[in-house]
Colleague: 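Would you mind keeping the following structure in view while I ask a few things?
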Amino acid sequence: MTAEVAVVGFGPVGKLLAIQLGRRGHDVVVVDRQEAGYPLPRAVTHDSEFARVLQSVGLPPDTIPEVTEPYDARYVWRNGEGRTLVEVDWTGRGESGWFNTWFFHQPSLEDALDRVVAGLPAVRVLRGQEAVGLDQDDDGATLRLVGTDGTSSSLRAAWVVGADGANSRVRSWAGLAWHDEGYFYDWLVVDVRPQPHLRFPHVAEQTCDVARPATMVPGGPGRRRWEFMRLPHETREQLDRPEAAWELLAPFGLTPADAELERHSVYTFQAGWATAWRAGRVLLAGDAAHLMPPFAGQGLGAGVRDAANLAWKLDAVLRGAAGEELLDSYGSERLPHVQAFVRFSMELGRVICISDPAEAAARDARMTADWDRGMEPPAPPRPALGPGAHTGPAGGRLSRQGRVRVDGGPPSLLDDVLGGPGVLLARDAAALADVDAAALAELGVRVAALGGRSPGVVTVGDVDGTYGRWFAELGATAVLVRPDGWLYGAGDDPEALAAVLLAAVRRPTPVG
Ligand SMILES: O=C(O)CCc1cccc(O)c1
């Protein structure tokens, strides 16, 4: 069997990558050793950028209310006595055009992604096929597979992506090293469906109580998630029992009579990353490439960013629009970005994972004093991409998505008008007259303007002034946004911007 891309692992990251490549017409085979999907939640929160990626695969979050719901409120941290330590602002809309914070039910999201995959003839999914080995040469890689019935086969692909989770075998076969931050905390993760009459408050809270550090967050529509830290005197086995879960849920007013315990499982929260994400024909994505504790709610989001970054680059390489060196920019861009979130999540963990009373008292004194005098918590990181396929000071930053109007029609998000985030957008269509639109289209980038008319250019009205403000902040009259929604660059000469991108991807400058 052969494919252009073989993906090992059919979790959300493998699914999104397969969809993005399959929608661009590439022949993708996904293998997963499990016969069926994992039916229980793992991640429960996503951000505005993740929402835009869902939009790009035909699942805009406002059309899947059974899967995900916005959280337009604060993320509250309290001490053992219920005093506020800090409140993090999780309200409002992000620059990607969607609410900043959402809580979702992962199995329902995966079902929705499965339905998208099923509609893509270019994507084949082989469940019950375990990858047991990998060989590669200059032209591709071969996976050795064993089915659940014991049958052996092989799968040859131009590129293999290991989206096979924290214990990635693809990572080991490719010889990609792992950097471990030495961060290990065991937590009992509990997913619950309270009966609707309980009317649970829709809040995200951390209880920083030495007696039992605990997290309570929504778990997607109709569900709640609790996480309880294992204390030093407890074993994993003592904690990983339904009786232990119910005992810990009781103070929150939950009993087996009015709630369903969907899952309880002890996880070891960890932090680390693969030091390189490509070895020849093999690439890593998702938990195979990075792990972080959940306190910033960014673990799966990082994997989703991987899929978006990798998809457009693999697409460009496979269609011959870019040299394979472009794939080196995947890890060089994504690694520094994900490191910022790993470190931020560990810092949050250092606040909550405290079991020593003296240390907790010092934390409480410091944080309540800061909060009482109105000190705002440090903002979550907004890292730029590391070195790679972008140019100038604005390049490598997240782009914006606003509402636009075409020919006096109703407002729509720009990506919906253009078919995806990739765009060379100029203030005036006249500046785009000589741009090589066909070459940009090969990379998944369309050509649009906020005013004027020019053949082949989509002219859009800037409904809320999002783009006018953004251009003013950048001091530019044109932006070049990559198909993953990240800014390639900004300036006053869109033709030159396009030419720099086209030259860079055809012969990228080596990174690192
Ligand atoms: O969705 C996740 O990654 C885990 C859920 C979560 C969200 C916010 C705080 C926290 O401690 C866990």
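What you are looking at is a predicted structure, and each value in this text was computed from that prediction instead of being measured. Just so you know, residue 1 is the first one in the sequence shown, and it goes up from there. When reading the values below, keep in mind they use all heavy atoms of this one structure, side chains included, and skip hydrogens, waters and symmetry mates. Every number for a ligand or one of its atoms is a count from 1 in the order of the listing.
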Colleague: Is there a donor-acceptor contact under 3.5 Å linking the side chains of Ser56 and Arg23?
Modeller: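 Checked: Ser56/Arg23 side chains show no N/O donor-acceptor pair below 3.5 Å.
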Colleague: Enumerate donor-acceptor pairs with a distance under 3.5 Å from any side-chain N or O in residues 287-310 to protein atoms, sequence neighbours excluded.
Modeller:
| from | atom 1 | to | atom 2 | distance (Å) |
| --- | --- | --- | --- | --- |
| His290 | NE2 | Gly286 | O | 3.4 |
| His290 | NE2 | Asp306 | OD2 | 2.6 |
| Gln298 | OE1 | Arg305 | NH1 | 3.2 |
| Gln298 | OE1 | Arg305 | NH2 | 3.4 |
| Gln298 | NE2 | Asp47 | OD2 | 3.2 |
| Arg305 | NE | Glu49 | OE1 | 2.6 |
| Arg305 | NE | Glu49 | OE2 | 3.3 |
| Arg305 | NH2 | Asp47 | OD2 | 3.1 |
| Arg305 | NH2 | Glu49 | OE1 | 3.1 |
| Asp306 | OD1 | Arg334 | NE | 2.7 |
| Asp306 | OD1 | Arg334 | NH2 | 3.0 |
| Asp306 | OD2 | Gly286 | N | 2.8 |
| Asn309 | OD1 | Lys313 | NZ | 2.8 |
| Asn309 | ND2 | Glu333 | OE1 | 2.9 |

Colleague: Scan residues 208-218 for pairs that pass salt bridge (Lys or Arg N to Asp or Glu O under 4.0 Å), counting only residues two or more places apart or in two chains.
Modeller: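 As it turns out, the salt bridge (Lys or Arg N to Asp or Glu O under 4.0 Å) pairs with a partner in residues 208-218, which skip direct neighbours, are Arg212-Glu234.
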Colleague: Only pairs under 3.5 Å count here: list side-chain donor-acceptor contacts from residues 361-371, not counting sequence neighbours, and write none if there are none.
Modeller:
| from | atom 1 | to | atom 2 | distance (Å) |
| --- | --- | --- | --- | --- |
| Arg363 | NH1 | Val351 | O | 2.7 |
| Arg363 | NH2 | Cys208 | O | 2.8 |
| Asp364 | OD2 | Asn79 | ND2 | 3.3 |
| Thr368 | OG1 | Asp364 | O | 2.6 |
| Thr368 | OG1 | Ala365 | O | 3.4 |
| Asp370 | OD1 | Arg373 | NH2 | 2.8 |

Colleague: Is Arg93 close enough and on-axis enough to Phe99, meaning under 6.0 Å and within 45°, for cation-pi?
Modeller: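 Verdict for Phe99: a cation-pi partner in Arg93.
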Colleague: Ring of Trp90, cation from Arg74 - is the NZ or CZ under 6.0 Å from the centre and inside 45° of the axis?
Modeller: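 Arg74 over Trp90 ring: no.
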Colleague: Filter the ligand 1-protein atom pairs down to N or O on both sides and distance under 3.5 Å, then list them.
Modeller:
| from | atom 1 | to | atom 2 | distance (Å) |
| --- | --- | --- | --- | --- |
| ligand 1 | 1 (O) | Val44 | N | 2.8 |
| ligand 1 | 1 (O) | Thr45 | N | 3.0 |
| ligand 1 | 11 (O) | Gln206 | NE2 | 2.9 |

